[in-house]
There are 2 protein chains.
Amino acid sequence: MTTAEETGGGEAPWAEVTPDAARRLLLAAVEAFAERGYHATTTRDIAGRAGMSPAALYIHYKTKEELLHRISRIGHEKALEILRTAARREGSATERLADAVSSFVRWHAGGRTTARVVQYELDSLGPEARAEILALRHEVDAEVRGIIEDGLATGEFDVLDVRGTTLAVLSLCIDVARWFNLDGPRTPEEVGTLYADLVLRMVGAGK
Amino acid sequence: MTTAEETGGGEAPWAEVTPDAARRLLLAAVEAFAERGYHATTTRDIAGRAGMSPAALYIHYKTKEELLHRISRIGHEKALEILRTAARREGSATERLADAVSSFVRWHAGGRTTARVVQYELDSLGPEARAEILALRHEVDAEVRGIIEDGLATGEFDVLDVRGTTLAVLSLCIDVARWFNLDGPRTPEEVGTLYADLVLRMVGAGK
DNA sequence: GGGCGTGCTAAGCGCTCGCTCACCTTCGGC
DNA sequence: GCCGAAGGTGAGCGAGCGCTTAGCACGCCC
């Protein structure tokens with residue numbers, strides 16, 4: 001599993017964005033939004049980071065909001081794919097939940113820049129764009145809830161409030177993007193392992 | 001609309017702010033910052049919500065940032081006080097941790113408006129203001145870590161990584177401010193109870 | 001009841017924002 | 001060798017921003 005940061009290899013999720021100039025602008029926007037927030041970022045700043053004039057942005061994107069929308073959709077699709085892969089592999093519910101949490105957390109820690117924008121700038125989108133993203137979030141939620149329900153059915157887990165616990169598990173993982181620091185003492189892998197253990201305890205696995 | 005929300009879990013923390021006009025402006029700022037974020041909020045909006053002209057703001061506060069700074073400091077002090085009260089009461093580590101988590105979560109859920117600003121707008125502060133707030137956050141962290149270490153010493157808890165688990169517990173509680181919705185299916189009390197149970201599982205209490 | 005500090009407003013300054021427009025370059029097809 | 005499309009630039013627009021200033025209303029002390 002490759003990981004380092006965006007450039008180093010939270011894989012290369014932006015490969016699908018073409019042409020090249022549009023991708024460079026998107027990458028610059030991710031950086032800027034993650035650092036200062038959507039509203040505090042200027043289109044001049046984004047274009048500058050991409051080495052272009054302010055006007056160039058509008059050749060590839062209609063508005064500044066379209067940039068955020070594209071980033072958010074691609075990011076959510078990637079996050080959903082990570083969870084789906086873990087949820088639908090072979091193995092017990094315990095193994096699948098541990099896998100889901102650790103890879104989801106690794107993505108939020110290693111690709112903190114992207115994850116921050118994806119998870120915390122949702123409110124800056126307009127109503128229709130937000131609705132589209134919320135639908136993806138429901139799928140994310142359903143994927144995790146599915147694993148927990150599997151574990152309940154097999155007797156592996158012991159959970160009183162399935163929806164509440166699902167919410168807490170996802171909340172715990174997502175908040176990694178807020179506090180994680182690449183220069184800090186922990187690697188994304190370490191946090192992933194720790195969190196998988198904590199989550200298994202939360203669902204009462206292996207008691 | 002007078003704040004019925006704050007009273008749910010947080011009494012009236014702004015009573016210390018005088019004179020009355022300054023408090024009304026602060027309250028309006030909390031609402032606006034929570035809704036749209038600091039950078040997307042205009043001074044005209046804040047003054048308007050407080051029923052005053054844009055210029056009135058500058059009689060009581062030097063800058064827009066000073067408003068955020070005051071809100072953040074008062075909010076962090078309140079959060080710290082809540083945790084201190086729970087951490088230093090009589091009782092086993094298990095009881096104190098459950099109390100700390102449930103009351104901390106109640107504050108984040110019931111006073112979601114305030115908590116959102118306090119927890120998510122930290123980066124909008126300047127360097128010295130941010131440093132002051134970060135010191136308060138370290139005290140918050142130390143308070144929770146203290147309870148967990150107590151529980152380890154008495155054999156109540158079973159935790160491998162104390163700092164990591166402390167971080168996760170706080171992260172879980174804080175993120176409540178992001179997703180909690182007063183119109184949703186759960187009351188702050190219910191979430192507090194659920195989370196206290198989940199956290200006790202995370203630290204291996206009552207195995 | 002005149003003088004004055006306090007708290008507020010209307011008007012507006014200087015600046016920067018998101019975005020547009022007229023024009024320039026490069027390049028493959030014929 | 002000319003042509004149009006694609007991708008870029010410099011200059012600048014209207015609007016709205018944070019914040020300031022001149023002046024007004026009002027309570028309070030003498």
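Side chains included, hydrogens not; waters and symmetry mates left out as well; all remaining heavy atoms used. Not measured: the values here are computed from a predicted model.
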Fill in: 5'-most by nearest nucleotide on DNA chain D - Ala21(A) or Thr43(B)
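The residue closer to the strand's 5' end, by nearest nucleotide, is Ala21(A).
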Discussion item. Testing the 3.5 Å rule here: is there a donor-acceptor pair between the side chains of Glu139(A) and His76(A)?
Written reply: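 No, no side-chain donor-acceptor contact under 3.5 Å.
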Worksheet item: First and last nucleotide of DNA chain C touching chain B, 5' to 3', heavy-atom cut-off 4.0 Å?
Response: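 The protein-touched segment is dC8(C) to dG12(C).
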Are the side chain of [X] and the backbone N or O of [Y] linked by a donor-acceptor pair below 3.5 Å?
X         : Y         : result
Gln119(A) : Ala177(A) : no
Thr165(A) : Val162(A) : no
Arg24(A)  : Ala50(A)  : yes

Item to complete: Report which part of the nucleic acid Thr42(A) touches: base, sugar-phosphate, or nothing (heavy-atom distance under 4.0 Å, all strands).
Response: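 Result for Thr42(A) = sugar-phosphate.
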Fill in: Residues touching DNA chain D, which here means a heavy atom under 4.0 Å, drawn from residues 57-70 of chain B
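Under 4.0 Å from DNA chain D: Tyr58(B), Thr63(B), Lys64(B).
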Practice prompt. Find which nucleotide of DNA chain C each of Pro54(A) and Arg24(B) is nearest to by heavy atoms, and output the residue with the more 5' nucleotide.
Written response: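 Closest to the 5' end, via its nearest nucleotide, is Arg24(B).
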From [X] atom [atom1] to [Y] atom [atom2], the distance as rounded to the nearest 0.5 Å:
X         : Y         : atom1 : atom2 : answer
Arg137(A) : Leu170(A) : CZ    : CG    : 10.0 Å
Ile147(A) : Thr94(A)  : CD1   : OG1   : 10.5 Å
Leu57(A)  : Glu66(A)  : CG    : CD    : 9.5 Å

Item to complete: Kindly determine whether Lys78(B) and Glu81(B) satisfy salt bridge (charged side-chain N to carboxylate O under 4.0 Å, His left out), including the steps that lead there.
Response: CA-CA 5 Å; Lys78(B) 181 67 191 168; Glu81(B) 181 203 311; 3.6 Å; yes
